[in-house]
Structure formats: C-alpha cells, structure tokens
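A quick write-up on the structure given underneath.
Residue numbers begin at 1 in each chain, while the letters A, B, ... track the order of the sequences. Excluded from the calculations below are hydrogen atoms, water molecules and symmetry mates; all remaining heavy atoms, backbone and side chain alike, are included.
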Amino acid sequence: MLAFDARITTLVAMIDSSDDIPFFGDSEPVKRPSGLAARAMAARNQSAPAPDYLIGLNPEQRQAVVTTEGPLLVLAGAGTGKTRVLTTRIAHILATGLAFPSQILAVTFTNKAAREMKERVGMLVGGAVEGMPWLGTFHSIGVKLLRRHAELVGLRSDFTILDTDDVVRLIKQLIQAEGLDDKRWPARQFAQMIDGWKNKGLAPHEIPEGDARAFANGKGRELYEAYQNRLKTLNACDFGDLLCHPIRMLRANPDVLAEYHRKFKYLLVDEYQDTNTAQYMWLRLLAQRPQSKEPGQRGGSVNVCCVGDDDQSIYGWRGAEVDNILRFDKDFPGATIIRLERNYRSTEHILGAAGHLIAHNEGRLGKTLFTEQSDPEHEKVQVHAAWDSEEEARAVGETIEQLQRPDANGRRHNLNDMAILVRASFQMREFEDRFVTMGLNYRVIGGPRFYERQEIRDAMAYFRAVCQPADDLAFERIVNVPKRGLGDATIRQLHDYARARDIPMIAAARDLVETEELKPKARKSLRDVVEGFTRWSAALENTPHTELAERILEESGYTEMWQNDKSAEAPGRLENLKELIRSMDFYESMRGFLEHVALVMDAEQNEDMDAVSIMTLHSAKGLEFETVFLPGWEEGLFPHQRSLDEGGRSGLEEERRLAYVGLTRAKKRAHLWFVSNRRIHGLWQSTIPSRFLDELPEAHVEVAEAEMSYGGYNRFGGGSSGFSAGRQNPYGASRFDNPEIFASTYETPGWKRAQANRTDATSRNWGSRSGHQVERVGYGESGPRGVRTIEGELVAKSTTDTPSAFSIGDRVFHMKFGNGNVAAIEGNKLTIDFDKAGQKRVLDGFVTPV
DNA sequence: AAAAAACGAGTTTTT
DNA sequence: CTCGTTTTTT
C-alpha cells in the first residue's frame with residue numbers, strides 16, 4: 001500500500017507540473033480547472049475527502065479504480081460490482097486528466113455491454129465527454145482499425161462485412177466449384193472450421209496439417225485459401241477477419257503499430273475470460289509496446305486492465321480460452337491482481353450453494369464470494385423434483401403465480417424480476433406452452449434476432465446491393481425474391497459471365513440483358529431488376545435514405561410479396577419491415593445504417609410489459625433476477641452429454657461454471673428442478689438427477705417436493721430438508737463414476753423417487769404418454785430405497801384422452817387471445833386460429849364457445 | 001419453378 | 001417429435 005501511494009504521489013506531481021494536461025475533449029488539450037485538480041488530488045490523498053465518484057466503493061473496488069498504472073487483473077466475481085469498477089475507472093482516468101477519452105481503448109464482447117459502459121461513464125463524468133471513440137466490441141474496434149488501414153491488408157476501406165449466412169452461401173459455392181459433393185462436405189461445417197481457425201488467428205498456411213486434411217479429402221487448406229481470395233475480390237470480411245486482419249496489419253506495419261502504442265495510454269478489457277486466441281494476440285500487440293522513455297509509461301509493460309471471472313467462462317466451445325485469464329500474471333509480469341469477492345446481489349444461501357458447487361472445479365484462480373446480507377428469513381436454495389417436463393413447467397408456473405400474489409405486506413413479485421434459465425432452448429417450449437394456457441406473460445430472450453429474420457435480411461440485401469454494387473452475395477440473395485422466374489439456370493449464366501470478365505454480377509446482368517443469350521422471359525425480368533437498381537443507385541445521393549428504402553421495397557415488389565402471402569407470419573413480417581425502416585431514421589445515410597447493422601445485430605426488446613423471462617443459461621450471463629428458476633438439472637441435459645463426450649473433464653467444468661452462472665443470477669430465490677422423465681428426440685427417457693445437485697452444500701439447500709396443487713407430500717420423509725448424516729462429505733471425484741454413491745444424499749421423497757427411477761428404470765423408455773398419468777405419487781413408507789409406487793390417477797391431467805367438447809371449425813373465445821376458430825384437436829388440447837393473436841395451442845378449459 | 005414429400009439431425013451464441 | 005433442408009413430383 002505504501003509503495004502504491006508513493007507511486008501515485010509521483011504521478012500526481014508529474015501531472016501537476018505539466019502545462020498541457022489532457023482534459024475532456026479530444027483535440028485541444030485544456031488546462032485542468034483547479035476544482036478538478038483538487039478532486040483528483042483528493043482521490044489519492046487519504047486524508048482529504050475522496051471525489052464523489054469514489055464514494056460508495058469498497059476498498060478493493062477503489063483500489064481497482066485508482067491503480068491506473070501497470071498491468072492489472074480484476075477478478076470480479078458475480079455481482080461484485082464489476083461494471084461499476086470499470087466505468088468508475090474510466091471516469092477516474094478522465095477526471096484526473098491522465099488521458100483524453102480518445103486515448104483509452106476499452107473493449108467489450110457485446111454491443112450491449114459497450115452501450116451500457118458508454119452510458120455509465122457519461123453519467124459519471126457528467127456528459128462532458130463526447131463519447132469515447134475507442135470504446136466498443138473487439139469487432140467494432142477491429143472494423144475501425146481496418147477502415148483506416150484497409151489497403152494494408154488488400155482491401156478497400158469501404159469493404160462489406162458478411163454475416164454467417166452470407167459466409168455459408170459463399171462457401172457452398174466454393175465447394176461446388178471445387179467439384180466436391182456439398183452434402184458430404186457441408187458448407188456450414190466448413191464455415192465453423194474457418195471460424196475456429198480465425199479464432200486462433202490462423203491464416204490458411206498456418207493451420208495444422210490434420211485440420212487441413214480433415215475436410216474435403218484433404219482440400220481444407222485449399223478451400224480456406226480460395227475462400228480468403230474470394231473475400232478479397234468481393235472486398236469483404238467475415239467476422240473472424242475483423243480480428244485477424246488487424247493483427248496481420250499491425251504485425252506487418254510496425255510504424256502503424258507504434259502509432260497506436262503512442263495513442264492508447266490505457267487499455268481496458270471486459271469479460272477477459274471470454275477472449276479467444278485471436279483477441280488475445282490483438283490485445284497483446286497493442287498492450288506490449290517497446291521500451292519507452294515517456295513518463296508515465298513503464299517500458300515493456302502497459303496500463304492494461306483486464307476484468308473477468310474465470311468461474312464464469314462459459315464460451316470455451318466457441319473458442320474462448322480460459323487460459324488467457326489464468327495466465328495473466330505470466331503474460332504481464334508484475335501485474336497487480338485484485339479480487340472482488342464482496343457480493344451485493346445474492347443471499348448467503350445462494351452464494352453458499354454456488355460457491356460450494358464451483359469449488360469442485362480444478363483449474364481456477366479461486367475466489368469465495370461473501371455477503372453481508374445474511375438473514376434467517378432468507379430462503380434456502382430449493383431443489384424440486386417433478387415427474388416430467390410438463391409437470392415441471394406447471395409447477396414452476398404455479399410458483400410464479402403464488403409469488404405474484406400480494407404477500408402479507410401487500411407486496412407482489414414483479415414478473416420482470418423472475419427468470420427461467422434453461423440449459424438448451426428446446427426446454428423453453430414446454431414453459432411457453434404452459435404460460436400461454438395460463439395466460440402468464442412471458443418473454444423469450446435470445447431467440448432469432450431481429451436482423452436474422454428472413455424478411456429483414458432480404459430487405460438488407462436490397463439495400464446492400466444498392467450501396468455496394470459489387471456485393472454479389474446480396475444481389476444473388478434477392479435477384480429472384482420475390483419470384484421473378486430467374487431460376488438456377490439464369491443465375492448460373494450470370495455467374496459465369498461475371499466470373500469470366502471479373503465483374504460484379506449486377507454489371508454482368510446489365511450487359512446480359514442487352515444480348516440474346518437469355519430466354520425472353522428471364523431477360524425481361526432481369527432487365528426490370530437491373531433497371532430498378534440503376535434507378536435506386538442514382539437516387540442514393542439525393543433521396544432521404546428512409547424514403548429510398550421504402551421505395552426499393554415497394555418498387556421491387558418485395559412488400560407486395562408479403563402482402564399477398566396469406567400465411568400467419570406475413571403481417572408480422574410486414575410490421576418488421578416497417579420497424580426496419582423506422583430504425584433507419586437514426587442513421588445519417590443508408591451506408592451508415594448498413595455499417596452499423598453488420599455489427600450491431602441486436603434489437604431491443606419490449607421492456608414495458610411485466611413478463612417472466614425465459615432464456616438459456618448462456619444468455620443470462622450478466623443479468624440478475626429476484627427469483628430464478630433452473631429447470632432440467634438432469635444428467636445428460638445438464639451437464640450436457642455432448643459437453644462430457646467432447647470436452648471431457650474440462651467440458652464438465654464448463655458445465656459446472658454454467659450452473660454457477662445460473663445460480664448466481666438469483667438475488668433472493670433460486671429454485672432448481674429435475675424431472676424423472678424427459679422426452680428426448682421424441683422418445684421418453686428416464687433420467688437421473690444432475691451430479692451438480694449432489695455437489696450443493698446441504699447447509700444452504702432444501703430439497704422440497706413441489707407445492708403442487710394436489711398436495712399431500714409433506715407427510716413423507718419427515719421434513720423437507722433432511723440429509724443423511726452418514727454422507728457428510730460426498731465430494732470425492734470418484735462419486736461421478738460410482739452409481740452407488742448417488743443413492744441417497746438427500747432423504748426426501750423427490751430425491752428418493754429419482755434414485756429409485758435411476759436404479760429401476762435407467763434405460764426404460766416410455767414409448768407413449770399413456771403410461772404416466774401421475775398426479776399423485778406416494779412412496780412405500782420409506783422403504784430402504786424409497787421405492788416408488790403409484791397410488792392413483794385421481795386428478796385429470798391436461799393430457800387425458802377424454803374427447804374434447806369442441807369440434808373443428810367451432811367458434812370460440814379465449815380470455816387472452818380473443819375470438820378464433822378451432823383448427824385441430826388432440827385430446828383436450830385445441831389448436832386455434834385466433835383472429836388477432838394468430839395460431840395458438842390452448843387447453844379446452846380456457847376457451848368458451850361463442 | 002413451385003409445391004409436396006422424403007430425409008436427417010437435434011447444446012450453448014456473439015460479432 | 002419437430003424443424004429445416006433437400007429431393008422428388010407436378
């Protein structure tokens with residue numbers, strides 16, 4: 001601490017003696033006002049009051065903020081105020097005049113994180129900073145670098161950015177051009193391979209021989225090369241190139257690199273545990289400047305601050321290297337490491353459970369979160385059992401309804417504060433179905449994103465082809481959308497003509513319609529298209545871009561296509577197109593819009609509605625909720641079998657981190673669920689509870705039978721949190737392989753039932769649903785293994801075979817969806833075409849005949 | 001060229 | 001089972 005203070009003091013002295021202290025604003029150094037100087041001084045002087053932005057930070061957070069010099073790793077556990085530290089740190093650097101906004105490079109992974117950081121820095125600094133030009137995602141900063149130096153990697157600065165869809169189509173063409181069978185060698189798979197190589201920063205000549213041979217009869221390398229060449233001619237980049245090109249460019253041009261070394265005084269990286277090798281190399285290049293005599297910059301090392309949490313690294317499967325964060329102090333010798341372990345989010349039980357679970361991982365830097373919010377009133381983490389996923393969904397739905405009811409104090413739980421976090425997206429379906437029948441508002445986070453929808457991509461392809469006549473991929477996408485009678489044959493012809501002359505396809509089309517080579521019908525259609533593009537391109541400069549966009553969609557017949565489409569989705573698609581054009585308003589030009597959309601592939605959700613969120617565990621990272629439901633804690637699903645098969649031990653550890661992430665999203669309540677039977681690929685499979693449940697500490701967990709409407713459970717098992725005394729420490733690694741040890745960690749009905757299922761019926765399939773109308777399940781009065789007996793089928797379940805009172809075509813009314821016609825009936829489940837809400841499946845009890 | 005039928009695959013996702 | 005894709009049919 002002393003050394004630290006001494007260093008700071010020198011620094012302050014240095015700053016104070018300087019005449020042109022950088023302050024807010026980018027170009028003109030401004031003399032720092034004395035009031036601020038005092039504040040800055042105060043930040044470092046313990047006797048004086050701290051500047052207001054430091055108030056409320058705990059000592060570790062504060063240290064992370066003010067340790068501006070030298071490499072710093074902030075290990076920020078879940079809910080420990082990571083973003084606050086990052087933003088305050090930036091504010092601090094700015095406020096104390098250590099750097100201009102333009103001299104700080106701050107990278108995040110998602111646009112959302114970048115946006116949030118910008119906003120929060122703005123708030124802290126009082127909006128005096130005109131944005132930070134170098135705060136953004138790795139990719140957006142990569143683009144920025146590339147636009148400036150495109151020619152150094154053989155591109156023009158107006159290059160286009162291709163998304164996955166374009167890439168796959170392009171690769172498919174290449175595979176076909178090579179004369180390979182595109183079914184045996186799927187383009188999508190090769191696209192992933194390329195992505196994998198680029199994540200590692202590997203150029204075609206650098207990829208491992210084995211990889212190169214693995215695809216297309218050993219033509220992998222060739223294809224990769226061909227792909228890169230094709231990109232170059234298209235003047236395009238894929239996402240991987242946005243990382244790889246800058247690396248190559250900076251390596252090959254030391255003068256350019258030196259320029260950025262001079263420029264960036266401070267580097268900040270968010271979510272460091274998620275960086276892949278390419279991002280790491282990129283960062284190293286910028287961070288490791290040569291020995292420097294400039295004051296404030298110590299030779300060789302740099303003021304790089306990485307923030308992350310090794311326990312939350314859940315993206316290994318897409319190239320993230322946890323090792324980057326584990327290795328930090330070796331990469332940056334003399335690095336300061338600060339741990340943020342004081343958690344402000346969750347109760348002691350949630351932290352206790354999560355902490356105990358994650359402690360089963362090896363290869364971690366080790367943190368233990370603690371909280372001061374301890375209260376006997378706090379609910380323990382609850383583990384619930386259900387027969388199958390339908391029951392699981394129903395029980396969760398009921399719990400949600402209960403929580404939503406006003407409590408004794410008249411307070412009610414907002415739906416917005418609840419989330420269901422699933423391992424795999426197919427699990428969502430069941431919850432959606434259930435919530436629809438219940439009339440419970442929900443929102444699905446993460447599904448297909450706005451800009452990935454077909455209609456949006458089509459529209460964008462039109463815009464791209466207008467702005468970038470060389471964008472063959474865009475042109476090809478829409479040349480026959482709407483259908484214009486330009487089929488494969490015509491396209492092939494266009495292709496060949498264009499390739500032979502090395503001109504874009506639009507130009508080829510323009511030429512071809514003047515010849516006799518095309519069939520008259522195709523020729524006329526193509527001429528119309530070409531004329532359209534000529535017109536629109538001409539209008540590009542002198543027409544407001546939103547107006548032009550509308551015109552393009554109108555004149556091309558695209559809007560009309562959807563207007564004539566009678567399917568249920570058509571109106572929604574038209575609405576999306578309107579939304580697209582509306583959103584263009586925020587941009588200066590169509591080009592500006594396209595540039596932005598290529599990188600910012602998200603659209604904000606409707607936040608006004610009070611609704612339960614349903615999302616995958618992966619998309620939940622960084623979020624928090626009062627109450628979190630975690631269904632599907634079963635072996636094979638969570639941990640997922642595939643992770644185990646492909647990732648082995650580290651795969652398991654990543655799954656465990658995922659469980660950790662899930663638990664730590666909860667502030668007050670975490671409800672874990674496992675079911676005994678789950679339908680996988682259409683077959684009913686008997687399942688066993690996740691090993692992660694066994695890894696939870698009994699002190700913070702209670703195994704509860706669900707508060708099901710049919711009641712009658714609590715008479716079993718003598719209390720819901722009884723644990724067997726004999727197995728206090730069941731955490732040896734061997735238990736994973738030894739089924740016996742699974743037998744009874746918890747002495748509760750649900751648990752025992754699960755164990756019974758496991759031993760009785762591990763491989764039994766329930767071929768049909770008729771075998772399990774189980775609403776009421778009893779247990780042989782705690783036999784040694786808790787044998788399951790089915791006492792009866794007392795309560796009618798929603799899936800009975802009782803014929804419905806409705807018939808197809810009946811006019812019905814539903815509380816939530818209004819009027820509609822019955823389209824199909826299965827048992828008492830009705831498929832109804834609602835006049836307003838579209839097609840939904842509901843239970844007959846929820847509708848009345850009109 | 002468009003509609004119907006057969007086929008096959010099926011964690012997690014950002015840019 | 002259920003979705004998306006490819007192949008076959010008209």
With the side chain of [X] defined as its heavy atoms from C-beta on, choose the nearest nucleotide among [options].
X: A/Thr616; options: B/dA2, B/dT13, B/dG10; answer: B/dT13
X: A/Thr137; options: B/dT13, C/dC1, B/dT15; answer: B/dT15
X: A/Ala424; options: B/dT11, B/dT15, B/dT13; answer: B/dT11
X: A/Asn111; options: B/dT11, B/dT12, B/dT15; answer: B/dT15
X: A/His640; options: B/dT12, B/dT15, B/dT11; answer: B/dT11

Checklist entry - Quick one: does A/Arg642 reach the base of B/dT11 with a side-chain donor-acceptor pair under 3.5 Å? => result no

Checklist entry - Do you see a donor-acceptor pair shorter than 3.5 Å between the side chains of A/Asp309 and A/Gln312? => result yes

Checklist entry - When all nucleic acid strands are considered with a 4.0 Å heavy-atom cut-off, which category describes A/Ser425: base, sugar-phosphate, or nothing? => result sugar-phosphate

Checklist entry - Contact class for A/Gly142 (heavy atom, under 4.0 Å): base, sugar-phosphate, or nothing? => result nothing

Checklist entry - Between A/Arg477 and A/Asp165, does at least one N-O distance fall below 4.0 Å, as a salt bridge requires? => result yes

Checklist entry - Do NZ/NE/NH1/NH2 and the carboxylate oxygens of A/Glu653 and A/Arg649 come within less than 4.0 Å? => result yes

Item to check | Contact check, side chains of A/Gln192 and A/Arg188, non-hydrogen atoms, under 4.5 Å | outcome: yes

Checklist entry - Is there a side-chain contact between A/Phe159 and A/Arg147 (heavy atoms, below 4.5 Å)? => result yes

Checklist entry - If we take the C1' atom in both B/dT12 and C/dT5, what is their distance in whole Å? => result 23 Å

Next on the checklist: Under 4.0 Å from OP1 or OP2 of C/dC1: is there any side-chain N or O of A/Arg429 that close?
Outcome noted: no

Next on the checklist: Requiring both pairing distances under 3.5 angstrom, list the stems that contain DNA chain B and are made of three or more consecutive Watson-Crick or G-U pairs.
Outcome noted: B:1-10 with C:1-10

Checklist outcome for this item: Between the NZ atom in A/Lys144 and the CG atom in A/Leu242, the distance rounded to the nearest 0.5 Å is 14.5 Å

Checklist entry - Between atom CZ of A/Phe138 and atom CG of A/Leu243, what is the distance when rounded to the nearest 0.5 Å? => result 8.0 Å

Checklist outcome for this item: Per ring-ring contact (aromatic ring centres under 6.0 Å, His included), A/Phe638 is matched among A/Trp673, A/Phe674, A/Phe692 by A/Phe692

Next on the checklist: For a side chain to side chain donor-acceptor pair (under 3.5 Å) check, start with the C-alpha distance between A/Ser690 and A/Glu634, then their side-chain angles and the critical distance, and finish with the verdict.
Outcome noted: CA-CA 4 Å; A/Ser690 171; A/Glu634 297 125 40; over 6 Å; no

Item to check | Rounded interatomic separation in angstrom, taking CG from A/Asp270 and P from B/dT15 | outcome: 13 Å

Look for any protein N or O under 3.5 Å of an N or O in nucleotides 5-9 of chain C and output each such pair with its distance, or none.
residue : atom : partner  : partner atom : Å
C/dT6   : OP1  : A/Lys172 : NZ           : 3.1
C/dT7   : OP1  : A/Lys183 : NZ           : 2.3

